[in-house]
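All values below come from the heavy atoms of this structure, side chains included, with hydrogens, waters and symmetry mates left out. Per chain, numbering begins at 1; letters A, B, ... match sequence-line order.
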Amino acid sequence: MVFVNRLHEWPESAEEAVAIQERLRPLVVLNEPGPDEVELVAGLDVGYAKDTDDLMAVAVVLSASALEVVDQAVVARRATFPYIPGLFAFRELPPLVEALERLRTTPDLILCDGYGTAHPRRFGLACHVGVLTGLPTIGVAKTPFLFDHDPPEPKRGAWTPLLDTHEIVGRALRTRSTVKPVFVSQGNRIGLDNACRHVLRLAPAYRLPEPIRQADRLSRTPT
DNA sequence: GCGACAG
DNA sequence: ATCTTGTCGC
């Protein structure tokens with residue numbers, strides 16, 4: 001089970017949402033190296049229905065050794081916040097929080113689809129989840145947002161920095177040779193080197209790390 | 001001012 | 001995010 005800090009409320013406007021991000025940002029821990037070995041790793045993802053505001057939030061937990069699903073929770077909900085770039089955590093977080101609370105295991109690490117510190121205010125979804133749970137989190141995104149990067153060498157394991165002008169906010173990490181990289185950033189309580197090491201290890205066969213693949217798969221399951 | 005912009 | 005078949009390549 002994951003205990004989520006409930007001393008927070010959801011915003012009703014974009015201005016409120018930005019204020020919450022600025023208020024919570026100082027609570028993110030970025031100077032911890034993070035876990036060396038992990039036993040249980042969670043993956044989070046949200047699927048959307050085509051013509052409605054219905055969404056499906058999924059939290060799965062895999063064994064780090066065999067990469068097999070050992071726990072899962074699915075929450076179907078109506079979205080309460082619109083998609084706004086930079087604020088999209090507020091759309092996905094309410095059902096994701098509920099899914100996390102419904103798990104019966106406690107992961108050592110959480111992988112989120114989207115960004116952590118690679119965010120206009122350095123407070124993407126992975127940071128937000130990290131602050132609410134106190135657990136180590138990593139952001140894994142499929143596209144670079146506002147940031148620049150050179151293409152990594154076309155070999156699995158190669159990476160280049162993800163840059164906001166001259167500030168490093170994450171990495172473009174190649175998890176499969178000749179395949180478009182994923183974009184990794186720190187969420188909470190883990191360093192960038194270690195985060196990339198875990199992501200690479202958790203993605204032995206496909207572009208996306210297995211916990212996120214499994215969460216994505218389950219979020220597409222009709223009803 | 002307009003468009004682009006994690007999912 | 002979602003709408004979508006076959007097809008090229010390792």
Exercise for review: Using whole Å, report how far CZ of A:Arg122 lies from C1' of B:dA6.
Suggested key: 14 Å
Exercise for review: Fit a plane to each ring of A:His128 and A:Phe123, take the angle between them on a 0 to 90° scale, and name the class: parallel (under 30°), tilted (30 to 60°) or perpendicular (over 60°).
Suggested key: tilted
Check your understanding: Which listed nucleotide (C:dA1, B:dG7, B:dA6) is nearest to the side chain of A:His119?
Key -> B:dA6
Review point. Base, sugar-phosphate alone, or nothing: which one does A:Gly139 contact when heavy atoms must sit under 4.0 Å apart?
Key: nothing
Review point. If you draw the axis of the six-membered ring of A:Phe81, does the NZ or CZ of A:Arg91 fall within 45° of it and under 6.0 Å from the ring centre?
Key: no
**Study point:** Atom-pair distance (CE on A:Met56; P on B:dG7), nearest Å
**Key:** 19 Å
Point to revise | Rounded distance (Å) that lies between atom P of B:dG7 and atom NE2 of A:His128 | key: 18 Å
Exercise for review: Classify the nucleic acid contact of A:Leu162 as base, sugar-phosphate or nothing, counting any heavy atom under 4.0 Å across all strands shown.
Suggested key: nothing
Review point. What integer distance in Å separates A:Phe88:CZ from C:dT2:P?
Key: 12 Å
Point to revise | Phosphate OP1/OP2 of C:dT2 contacted by A:Arg220 side-chain N/O (<4.0 Å) | key: yes
Point to revise | Integer-rounded Å distance: B:dG7 P and A:Phe145 CZ | key: 9 Å
Review point. Would you say A:Ser177 reaches C:dC10's phosphate, i.e. side-chain N/O to OP1/OP2 under 4.0 Å?
Key: no
Review point. Around atom CD of A:Glu16, are there more than 12 heavy atoms of other residues, nucleotides or ligands at under 6.0 Å?
Key: yes
**Study point:** Rounded distance in Å - CD1 (A:Ile84) to P (B:dC5)
**Key:** 17 Å
Check your understanding: A:Asp54 has an atom CG; how far is it from atom C1' of C:dA1, in whole Å?
Key -> 13 Å
Exercise for review: May I ask you to evaluate whether A:Lys142 reaches the phosphate of B:dG7, defined as a side-chain N or O under 4.0 Å from OP1 or OP2?
Suggested key: yes
Check your understanding: Can you tell me if CD on A:Glu39 sees more than 12 non-hydrogen neighbours from other groups inside 6.0 Å?
Key -> no
Review point. A:Tyr83 on top of B:dG7's base, within under 5.5 Å and under 30°?
Key: yes
Study note, to complete from the structure: On DNA chain C, more 5' by nearest nucleotide between A:Thr178 and A:Ser219 is A:Ser219
Point to revise | Closest non-hydrogen atom pair between A:Phe183 and A:Lys180, with its separation | key: CE1-CE, 4.3 Å
Check your understanding: Between B:dG7, B:dA6, C:dC3, which one does the side chain of A:Lys50 approach most closely?
Key -> C:dC3
Study note, to complete from the structure: In whole angstroms, the gap separating C1' of B:dA6 from CG of A:Leu146 amounts to 9 Å
